[in-house]
There are 2 protein chains.
Amino acid sequence: MLPYARMNLAQQEKITAQCVLFKDLSPEVCRIVLQNGRFMSVNQGEYFFHQGETADTLYVILNGRVKLIQLTDAGQQVIVNYFGAGAGLGIIVALSNIPYPLSAEAVEACTAVAWNKDTMKQLMRQQPQLAFNGLEMIGHRFAQLQKRFQDISTQRVEQRVARALLRLVRQFGKRIPQGVLLDMPLSREDLAQMTGTNLYNVSRIMSKWEQAGIIGHDHRKVILCKAHELVLIAEDLDILDRSPKK
Amino acid sequence: MLPYARMNLAQQEKITAQCVLFKDLSPEVCRIVLQNGRFMSVNQGEYFFHQGETADTLYVILNGRVKLIQLTDAGQQVIVNYFGAGAGLGIIVALSNIPYPLSAEAVEACTAVAWNKDTMKQLMRQQPQLAFNGLEMIGHRFAQLQKRFQDISTQRVEQRVARALLRLVRQFGKRIPQGVLLDMPLSREDLAQMTGTNLYNVSRIMSKWEQAGIIGHDHRKVILCKAHELVLIAEDLDILDRSPKK
DNA sequence: CGTAAAATTGACGCTAATCAAGGTCCGTGG
DNA sequence: CCACGGACCTTGATTAGCGTCAATTTTACG
């Protein structure tokens, strides 16, 4: 992890424009908040924080992608989410006086702004809108997690994998001639850990999709060719194509 | 739902003593906050709010138990949690400007305090500690949901049911001579909806446990006789008893 | 070009979902 | 008081889905 440094103006503008934390704050206030934070870089494979550590810092991602990982008692990994620019890390936790419940790993080289939790609390005391913005970020994350909980308790593996892909595409997809490219490192194992299954099932499912022309690949990266078909699978409405199962 | 009314003093003391929302607030401030809320009763089977409704009210439960239910697109129910006295309802959501992501049903006659979301925001602006207490409640709920997400993606059904029971016992268990009584209405279907399975599996599992003397029942209510055994099952450490499976 | 990591594919067995049939408990009304 | 109906529970049979292991192939990269 590189030492902290000052942000330049372009970076400041970027973060205030795209992060909910700065919603409805005057440029003046934004400047104060940013001055109390520290600019930092995290190399690929390094961690922002580890599960179980005392949560004393919170972050907002400027560049790069971060993987949120939970480790079970038995040592299994569960990938809770991927985050990109504008997302907050440890916001909920640092403000709740509990240890980080998961680890945050940079899957690419990342830059971020970091605040000490007490500094942020002090800022929120002075600027209640900042606290409400924090609450709003948390609310969305909470609703999203609840939806995923619902998915994993009611959907079959194939649907869960489809949904995971669609979610990633919505977050990180880039349009290319053949369709939408998921321009990020993403192994079968990763997808398995996101969907509560194993890499063998994911591999089988994706092979099937590739043969059906729904997805393709460029090097190790996934290309979504027929998004609508994947939506049908995700919604369990693809019965027409396959053998009826009820 | 009965009309709103004033709280009496005993009720006021109860809520300020047991709810995190009032932590580190002076009695004076507590009084102000409570005066801005409304006392209310909800009959068994009635709802505090429904999934999808605009979230304009937040609650703290005084008495009774509440079931949080999510409905999937396909119409399946998922029980996210049970809450009892001292817990908050809609706190996250009402402060985040998003619709309720689930429904809250009173499984017993309940009393609660309700605040309008804008009133609460105003109070939080004046008393930042109130906002931080809200954040702390949310933080615990978030960590708990993440843990359950982890469970459901890595554990087998029997372990999940064991964990669900243990969680309910910790929340609502009452000591009786034979063990710990779960003094609440709880059908096989309810347990199935909590653990992402169906009532048949739950019934089979609980029949097995009852034959092994781990649990018992009084009318329709569950009694936990050998909690330690259930913990072993929940932690997947009961291999000694059964046939080895690896 | 060689090695290690990642992905594929087949075989096998178990878990858990599903369907069907019947039983138990309870309140209600004849 | 007893018979009936409905909600809830139990149990068996069956099967699809999924996890696991093993063997092999492909891909990335030094």
Side-chain angles (χ1 to χ4, degrees), chain A residues 44-45 72 74 76-79 107 151-162 164-165 182 184-212 215-223 233 236 238-239 242-246, chain B residues 44-45 72 74 76-78 107 151-162 164 182 184-212 215-223 233 236 238-239 242-246:
Chain A
Q44 179 176 348
T72 70
Q76 263 180 103
Q77 274 197 6
V78 174
I79 297 179
V107 292
D151 284 353
I152 210 166
S153 26
T154 59
Q155 311 285 106
R156 281 171 301 110
V157 169
E158 186 172 0
Q159 296 168 45
R160 302 205 300 263
V161 176
L165 268 187
L182 251 187
M184 62 186 289
L186 184 73
S187 68
R188 308 300 187 217
E189 177 75 46
D190 288 333
L191 272 168
Q193 292 179 357
M194 293 179 75
T195 51
T197 182
N198 57 49
L199 71 164
Y200 307 107
N201 283 321
V202 173
S203 179
R204 266 181 253 275
I205 289 168
M206 294 191 63
S207 294
K208 193 176 72 179
W209 288 346
E210 187 149 10
Q211 284 190 359
I215 61 173
H217 66 99
D218 179 31
H219 299 280
R220 278 276 151 84
K221 288 169 180 171
V222 178
I223 299 170
I233 294 171
D236 200 19
D238 60 327
I239 323 139
R242 297 174 303 142
S243 59
K245 50 163 201 266
K246 259 207 172 170
Chain B
Q44 179 176 348
T72 71
Q76 262 180 103
Q77 275 197 6
V78 174
V107 292
D151 284 353
I152 211 166
S153 27
T154 60
Q155 310 286 105
R156 281 171 302 111
V157 169
E158 187 172 358
Q159 296 168 45
R160 302 205 300 262
V161 176
L182 252 187
M184 62 186 290
L186 184 73
S187 68
R188 309 298 185 214
E189 177 73 46
D190 288 333
L191 272 167
Q193 290 179 359
M194 293 179 74
T195 52
T197 181
N198 57 47
L199 72 164
Y200 308 108
N201 285 322
V202 173
S203 178
R204 266 182 254 275
I205 289 168
M206 293 191 64
S207 295
K208 194 177 71 178
W209 288 346
E210 188 149 8
Q211 286 190 358
I215 62 172
H217 66 99
D218 179 31
H219 299 281
R220 279 277 149 84
K221 287 170 179 170
V222 178
I223 299 172
I233 294 171
D236 201 19
D238 60 327
I239 323 138
R242 298 173 303 143
S243 59
K245 48 163 204 266
K246 260 208 171 170

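This one's a predicted model, so the numbers in the text were calculated from it and none came from an experiment. Protein chains get the first letters and strands the later ones, always in sequence-line order, with residue 1 at the start of each.
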Check the distance between D:dT11's P and B:Lys208's NZ and give it to me in whole angstrom.
-> 13 Å
Establish whether the base of D:dG12 is bridged to the side chain of B:Arg204 by a donor-acceptor pair shorter than 3.5 Å.
-> yes
Check: A:Asn201 side chain, A:Arg204 main-chain N or O, donor-acceptor pair, under 3.5 Å | no
Mind checking the CD-OG1 spacing from A:Gln155 to A:Thr195? Nearest 0.5 Å is all I need.
-> 12.5 Å
Take the protein atom CG of A:Asn198 and the nucleotide atom P of C:dG10, then report the distance between them rounded to whole Å.
-> 16 Å
Closest to the B:Thr197 side chain, choosing from C:dT9, C:dA17, D:dG19 | C:dA17
If we only count heavy atoms from C-beta on, is the A:Glu158 to A:Lys208 side-chain gap below 4.5 Å?
-> yes
Given C:dT9, is OP1 or OP2 found less than 4.0 Å from the side-chain N or O atoms of A:Ser207?
-> yes
In whole angstrom, what separates A:Glu210's CD from D:dT26's C1'?
-> 13 Å
B:Tyr200 has an atom OH; how far is it from atom P of D:dT10, in whole Å?
-> 13 Å
Give a yes/no on whether any side-chain N or O of A:Arg156 is located under 4.0 angstrom from OP1 or OP2 of D:dC18.
-> no
Within the structure, does a side-chain N or O atom of B:Ser203 lie under 4.0 Å from either OP1 or OP2 of D:dT10?
-> yes
Phosphate-side-chain proximity, A:Asn201 and D:dC18, N/O vs OP1/OP2 below 4.0 Å = no
Hey, could you give me the CG/CG distance between A:Leu186 and A:Leu165, rounded to the nearest 0.5 Å?
-> 7.0 Å
Specify the separation, in whole Å, of atom CZ of B:Arg160 and atom C1' of C:dT15.
-> 11 Å
Contact under 4.0 Å: B:Arg220 side-chain N or O vs D:dC8 OP1/OP2 = no
Close side-chain approach of B:Glu210 to B:Ile215, heavy-atom, < 4.5 Å = yes
A:Ile215 has an atom CD1; how far is it from atom P of C:dA7, in whole Å?
-> 12 Å
Provide, to the nearest angstrom, the distance between the CG atom belonging to A:Leu191 and the P atom belonging to D:dG19.
-> 14 Å
Spacing of A:Leu199 atom CG relative to D:dT24 atom P, expressed in whole Å | 18 Å
Is any side-chain nitrogen or oxygen of B:Ser187 closer than 4.0 Å to OP1 or OP2 of D:dC8?
-> no
OP1 or OP2 of C:dC26 under 4.0 Å from side-chain N/O of B:His219 | yes
